[in-house]
Undergrad: 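Sending over a structure as structure tokens; questions will come in a sec.
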Amino acid sequence: MDQLTAVILAAGEGKRMRSRQPKVLHPLCGRPLIAYPLRTARALADRIVLVVGSNADDVVAVAGPDVRAVVQRERLGSGHAVLQARPECGHETILVLPGDMPLLSVETIERLVAHHRKSRAAATVLTAIVAEPQGYGRVLRQGGRVKRIVEDRDATDAEKKIAEINTAVYCFAAGRLWPALGKVRPDNDQGEYYLTDVIGVLSRAGGRVEAVVTADPGEAAGVNDRKQLAAVAAVQRGRILDRLMEGGVTILDPASTYIEDTVTVGLDTTIHPQVVIEGQSIVGSECVIGLGCHVSSSRLADRVTLLPYCVLTESVIEDAATLGPFCHLRPLSHVGPKAKVGNFVELKKSKIGRGSKVPHLSYVGDATVGEGVNVGAGTITCNYDGVAKHETRIDDHAFIGTNTSLVAPVTVGEGAYIGAGSTITKNVPPGALAVGRAPQVVKEGWAARKSRKREEHRG
Ligand code: UD1
Ligand code: CA
């Protein structure tokens, strides 16, 4: 099999995005746009050349070390862009992929490459038949054979009626591509060197130009502006949900569920409406993700239950733990197996041990909580003194009474008890009881005395 070089074009300015950020770095379902053609290229090609514009170090960084990057210093058109890749290309088949068409499937590109090789064509264009061809290059055929491609802005009214469009994905025989590119002139509306003109050059020279029509024209959708970005994201989101459902995940309302491409979800997990799961999140099997939860870069083991409206960021939840409703796990929180974190609880950089409970209205930050601990309602770790953060340690089986303030740094020993309403400023030894609150004062008959006094005053 001959060697396949994928050339990915990403040097365009992306003007229509109206953005300070390079177009191909805009995120689509959790990955930058450029990650999609890169993934396709990695699946099929022996080498990958990425053409970027100047100031595109960020794009090169995202691409990774297996990609040969070349810089197109002046934006003189897609043909000029491909020419910049020449020194890095192999001598056999060249596959050109635009950086801004993330919906192209590996299967489609595989079919294009296979057809190109089988037919020994000079060039093979991937085309699509679409209902609204406005804006795209049109494929001009003669007796069924592709003759040339005309850009929308250069097309006559008759040509504009053609529904077969150029997807801007092509295979070329390297030996035919380079001489043909040399013949391309910038004699068009934009004064650019169009890669599309190579097709006309080759066909006029008697070269064999083939076309493969996409089975699903939706794959040809490009991202040139933010409206197209949203439209493409909607399709990609549907694909992700389909993949998850095919893999055994129940999604109660796909229309309101947003799961990024980077996420994995295990068998028999049920996802309720209005859930967002993003980043490098991993959700295990048989979990329940309740209404309105937002899970970001977190790892949930198996049989975890998130009751409605939990917000989790960079946290780890172990087997069979239950969270929510309405809890907030800030980065580096770790909830142990079978633990329970209840409503209106905020955790930050804290570990809750196996089977421990923080059921209501607490803030636990910079804390290590052991196993079988009960943290009463309204307990607060006072971890910040205005300058630095301090740690709290609560050892196994301790019992923290409701409305306790733990002034860190502080340790509550194994099996110790804290009386409700305490402010704990000193370490509590294992097995001890600590009560740190003003002793209660009781004044018998006080109310009656008070009302008598009031009457005397009036009289
Ligand atoms: C291009 C095709 C058009 C096709 C459409 C499909 C050309 C001339 N036209 O139009 O026939 O129907 O795609 O979506 O190719 N690029 C560079 N350097 C440049 C110019 C462009 O790297 O100097 C890259 C862009 O980053 C992009 C690709 O080439 O990935 C296509 O350029 P773009 O401006 O998006 O062309 P379209 O108008 O979409
Ligand atoms: Ca484009």
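One-based numbering, in listed order, for ligands and for the atoms of each. Since we're looking at a predicted model, the values are computed, not measured.
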Undergrad: Hey, which atoms in ligand 1 end up nearer than 4.0 Å to a heavy atom of A10?
TA: 22 (O), 26 (O)
Undergrad: Check whether S315 reaches the backbone of T313 with its side chain - one donor and one acceptor, N or O, closer than 3.5 Å.
TA: yes
Undergrad: Just go through R153, E192, M101, Q72 and tell me whose heavy atom is the nearest to atom 18 (N) of ligand 1.
TA: Q72
Undergrad: For L38, is there any backbone N or O sitting under 3.5 Å from a side-chain donor or acceptor partner on T40?
TA: no
Undergrad: Taking a cutoff of less than 4.0 Å between a non-hydrogen atom of the residue and any ligand atom, is T196 in contact with ligand 1?
TA: yes
Undergrad: Is there a polar contact between ligand 1 and G135, counting only N or O atoms under 3.5 Å apart?
TA: no
Undergrad: Going by the side-chain hydrogen bond (donor to acceptor under 3.5 Å, both in side chains) test, name the single residue among H116, K118, R145 that passes it with E210.
TA: R145
Undergrad: With a 4.0 Å cut-off, strictly under, does atom 32 (O) of ligand 1 pick up any protein heavy atom?
TA: no
Undergrad: For atom 22 (O) of ligand 1, grab the closest protein heavy atom and report residue, atom and distance to one decimal in Å.
TA: A11 N, 3.0 Å
Undergrad: Between R138 and E164, is the closest basic N to carboxylate O distance under 4.0 Å?
TA: no
Undergrad: May I ask whether V51 has any heavy atom positioned less than 4.0 angstrom from an atom of ligand 1?
TA: no
Undergrad: I'd like to check whether E74 has a polar contact with ligand 1, where a contact means an N/O of the residue lying under 3.5 Å from an N/O of the ligand.
TA: no
Undergrad: Would you call D261-R39 a salt bridge at under 4.0 Å N-O?
TA: yes
Undergrad: When you measure from atom 36 (O) of ligand 1 to every protein heavy atom, which one gives the shortest distance, and what is it?
TA: R16 NH2, 4.6 Å
Undergrad: What protein heavy atom sits nearest atom 8 (C) of ligand 1, and how far away is it?
TA: Y194 CD2, 3.3 Å
Undergrad: Can you list the ligand 1 atoms lying under 4.0 Å from a non-hydrogen atom of N166?
TA: 2 (C), 3 (C), 4 (C), 5 (C), 6 (C), 11 (O), 12 (O)
Undergrad: May I ask you to check whether E151 has an N/O atom sitting below 3.5 Å from an N/O atom of ligand 1?
TA: yes
Undergrad: How does L76 reach ligand 1, if at all, at less than 4.0 Å between non-hydrogen atoms: by side chain, backbone, both, or neither?
TA: backbone
Undergrad: I need the atoms of ligand 1 closer than 4.0 Å to a non-hydrogen atom of A81, numbered in the order shown.
TA: 17 (C), 18 (N), 22 (O)
Undergrad: May I ask you to identify the nearest protein heavy atom to atom 24 (C) of ligand 1, giving residue, atom name and distance to one decimal place in Å?
TA: L9 CB, 3.6 Å
Undergrad: Look at K15 together with E13 and state whether they make a salt bridge at an N to O cut-off of under 4.0 Å.
TA: yes
Undergrad: Is any NZ, NE, NH1 or NH2 atom of the basic residue among R148 and E159 found under 4.0 Å from an Asp or Glu carboxylate oxygen of the other?
TA: yes
Undergrad: Flag the pair E318 and R354 as a salt bridge only when some basic side-chain nitrogen lies within less than 4.0 angstrom of an acidic carboxylate oxygen.
TA: no
Undergrad: So, D154 side chain and D189 main chain: donor-acceptor pair closer than 3.5 Å or not?
TA: yes
Undergrad: Would R237 pass as a cation-pi partner of Y258, given that its NZ or CZ must be under 6.0 Å from the six-membered ring centre and within 45 degrees of the axis?
TA: yes
Undergrad: Name the closest protein heavy atom to atom 23 (O) of ligand 1, giving the residue it belongs to and the distance to 0.1 Å.
TA: G77 N, 2.8 Å
Undergrad: Looking at R141 and V139, would you say the former's side chain and the latter's main chain have a donor-acceptor pair under 3.5 Å?
TA: no
Undergrad: Does the distance from a Lys or Arg side-chain N to an Asp or Glu carboxylate O, for D319 and K338, drop under 4.0 Å?
TA: no
Undergrad: Checking a contact table here: which protein heavy atom is nearest atom 26 (O) of ligand 1, and how many Å away?
TA: G12 N, 2.9 Å
Undergrad: Checking the side chain of T381 only, and the main-chain atoms of G365 only, is there a donor and an acceptor separated by less than 3.5 Å?
TA: yes
Undergrad: Please could you name the atoms of ligand 1 that G99 approaches to less than 4.0 Å, counting only its heavy atoms?
TA: 30 (O)
Undergrad: Below 4.0 Å, non-hydrogen atoms only: which portion of S78 touches ligand 1? Side chain, backbone, both or neither.
TA: both
Undergrad: Output the list of atoms in ligand 1 that are nearer than 4.0 Å to some heavy atom of T167, sorted by atom number.
TA: 6 (C)
Undergrad: How wide is the angle at the Ca ion (ligand 2) between OD1 of N224 and OD2 of D100, to the nearest 10°?
TA: 80°
Undergrad: What atoms in ligand 1 come closer than 4.0 Å to a heavy atom of A168?
TA: 6 (C), 13 (O)
Undergrad: Below 3.0 Å, can you find an N, O or S atom of M101 next to the Ca ion (ligand 2)?
TA: no
Undergrad: How far is atom 21 (C) of ligand 1 from the closest protein heavy atom, and which atom is that?
TA: R75 NH2, 3.6 Å
Undergrad: Less than 4.0 Å between a side-chain N and a carboxylate O, is that true for K389 and D366?
TA: no
Undergrad: Look at the side chain of T257 and the backbone N and O of I251, then say whether any donor-acceptor pair between them is shorter than 3.5 Å.
TA: no
Undergrad: In the protein, what heavy atom is nearest to atom 35 (O) of ligand 1, and what distance, to one decimal place, separates them?
TA: D100 OD2, 3.4 Å
